[in-house]
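Lettering follows sequence order; numbering is per chain, from 1. This is a predicted model, so every value here is computed, not measured.
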There are 2 protein chains.
Amino acid sequence: MKKRNSRYHHGHLAESLLDAVDEIASQFGIEAVTLRGCAKRIGVSPASAFRHYADKRALLTVFATRALNQLADAMEVAMLQAQEEGGDALHAVCMAYVRFALTKPAFFRAMWREEMIYSRDADYLAATERLAGYLQEGFVKTIADEDPCDFSPQELLAWSAVHGLACLFVDGPVAREKEREDKLQLTDTVLRQLLPVFSQ
Amino acid sequence: MKKRNSRYHHGHLAESLLDAVDEIASQFGIEAVTLRGCAKRIGVSPASAFRHYADKRALLTVFATRALNQLADAMEVAMLQAQEEGGDALHAVCMAYVRFALTKPAFFRAMWREEMIYSRDADYLAATERLAGYLQEGFVKTIADEDPCDFSPQELLAWSAVHGLACLFVDGPVAREKEREDKLQLTDTVLRQLLPVFSQ
DNA sequence: ATTGTAAGTTAACAGCGTTTACATCCATCT
DNA sequence: AGATGGATGTAAACGCTGTTAACTTACAAT
């Protein structure tokens, strides 16, 4: 399969670099991610990264895109499961959103750090749209959506609430000392406050 | 008043550094803020900053605290004005929140960038509590607050919604191409969706 | 076999945060 | 008024960063 005689060519450097970002960000936070550090972890020269990414920002953009898709995956799973069990799909998707932010805070931060990524990148934008799609999908059966691309006020409120809660948990002063499960419980309670908005 | 004979001692270096952060962040974003850059802008040696701040993170912490208090000031003004005019104080405070984020996005980002500041700093925490206070104040007349330090689900929902909307506008893909006024109009619409939550 | 190209290396650059040793000024005490 | 000590600024250096340019290696197609 792979020829390992010569160590000169790595073979999967682009992906390995992403994995290195993954590991360093998970351990030490996204601000601690360094091109040289990633290269060293893989056992490769610092300059080699530039054969695969235009600059550090491009690498972080791909990483953010990957993280977005991981979040979207989790939301999809939650949605399908809720639909199977006849539960509230929107609620399940929102809970998955916050759960991901609490489980992988560095990934969640990287997703939205506009100054660190190329936020106009096509793949990145596609990932955000996929994400938004799962949030909207909870509404299609209750509210007639005017424009599939744009958001209804209810949809935007749902996204804002869940995104704001995740951000306040991750970077803000809310429930800083509490356990993960307590935060999820709190999330559930807060989200239930939204029910009268959607069932009027 | 001030002796300007000798330029050796600056006199207001600590504040001037904060102003430099202010200007550079406003022009080029918070990620472009550099200790050396701030020092050069003031006309002072790079090392001088360390007489007043333990490290860069400490400087950014004070800057974030100042920004938090500026936001809290804006919220206070909005609240008082609404109370005078008999308007909805909570709505006014929330609108001020988003308006500040849109007007000074770099400041808003700096406030919540946990990895860039010492978020356990006493002054910083006091500023966040002051901020939270104005959001809670909109509730004191409608909902009996159990614990003034903790948040009720309604209060947390309000903060989450307004914070999430601000974050999505500033760093996210929502309404990226729209004008400031359109975003504020959208904010108003979204916030009005919350009314049934508080008036049941 | 030759050769072209993709993918790696090495060495260097300027700029960064930070520290250490030194210089200067100001306030205070005789 | 003169000495002195602490606060405040400077200069030079450290290792680290992202990035580039010139070079080398390995594979793939002719």
May I have the distance from [X] (atom [atom1]) to [N] (atom [atom2]), rounded to whole angstrom?
{"X": "A/Leu35", "N": "C/dG15", "atom1": "CG", "atom2": "C1'", "value": "15 Å"}
{"X": "A/Lys40", "N": "D/dG18", "atom1": "NZ", "atom2": "P", "value": "12 Å"}
{"X": "B/Lys56", "N": "C/dT19", "atom1": "NZ", "atom2": "P", "value": "15 Å"}
{"X": "B/Arg36", "N": "D/dT10", "atom1": "CZ", "atom2": "P", "value": "13 Å"}
{"X": "A/Glu15", "N": "C/dA7", "atom1": "CD", "atom2": "P", "value": "12 Å"}
{"X": "B/Leu13", "N": "D/dT10", "atom1": "CG", "atom2": "C1'", "value": "12 Å"}
{"X": "A/Phe28", "N": "D/dT17", "atom1": "CZ", "atom2": "C1'", "value": "17 Å"}
{"X": "A/Tyr53", "N": "D/dT20", "atom1": "OH", "atom2": "P", "value": "17 Å"}

Hey, could you give me the CZ/CG distance between A/Arg176 and A/Leu168, rounded to the nearest 0.5 Å?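 A/Arg176 atom CZ to A/Leu168 atom CG measures 10.0 Å (nearest 0.5 Å).
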Report the nucleotide, chosen from [options], that has the shortest atom-to-atom distance to any side-chain atom of [X].
{"X": "A/Ser45", "options": "C/dT18, C/dT9, D/dG18", "result": "C/dT9"}
{"X": "A/Ala47", "options": "D/dT19, D/dT17, C/dT10", "result": "C/dT10"}
{"X": "B/Arg51", "options": "D/dT8, C/dT18, D/dT20", "result": "D/dT8"}
{"X": "B/Phe50", "options": "D/dT17, D/dT20, C/dG17", "result": "C/dG17"}
{"X": "B/Ser48", "options": "D/dG9, C/dG17, D/dT19", "result": "D/dG9"}

D/dG9, OP1 or OP2 - any side-chain N/O from B/His52 closer than 4.0 Å?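 It does, given that an N or O in the side chain of B/His52 lies less than 4.0 Å from OP1 or OP2 of D/dG9.
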Quick one, B/Arg180 with B/Thr103, criterion side-chain hydrogen bond (donor to acceptor under 3.5 Å, both in side chains). Give me CA distance, side-chain angles, the key distance, then yes/no. CA-CA 8 Å; B/Arg180 207 185 89 113; B/Thr103 307; 2.5 Å; yes
Backbone N or O of A/Val170 within a donor-acceptor pair of the A/Arg109 side chain at under 3.5 Å? yes
Any non-hydrogen side-chain atom of B/Leu157 less than 4.5 Å from a side-chain atom of B/Gln154? no
List the steps, then state whether side-chain hydrogen bond (donor to acceptor under 3.5 Å, both in side chains) holds for B/Tyr134 with B/Asp73. CA-CA 10 Å; B/Tyr134 291 121; B/Asp73 289 344; 5.9 Å; no
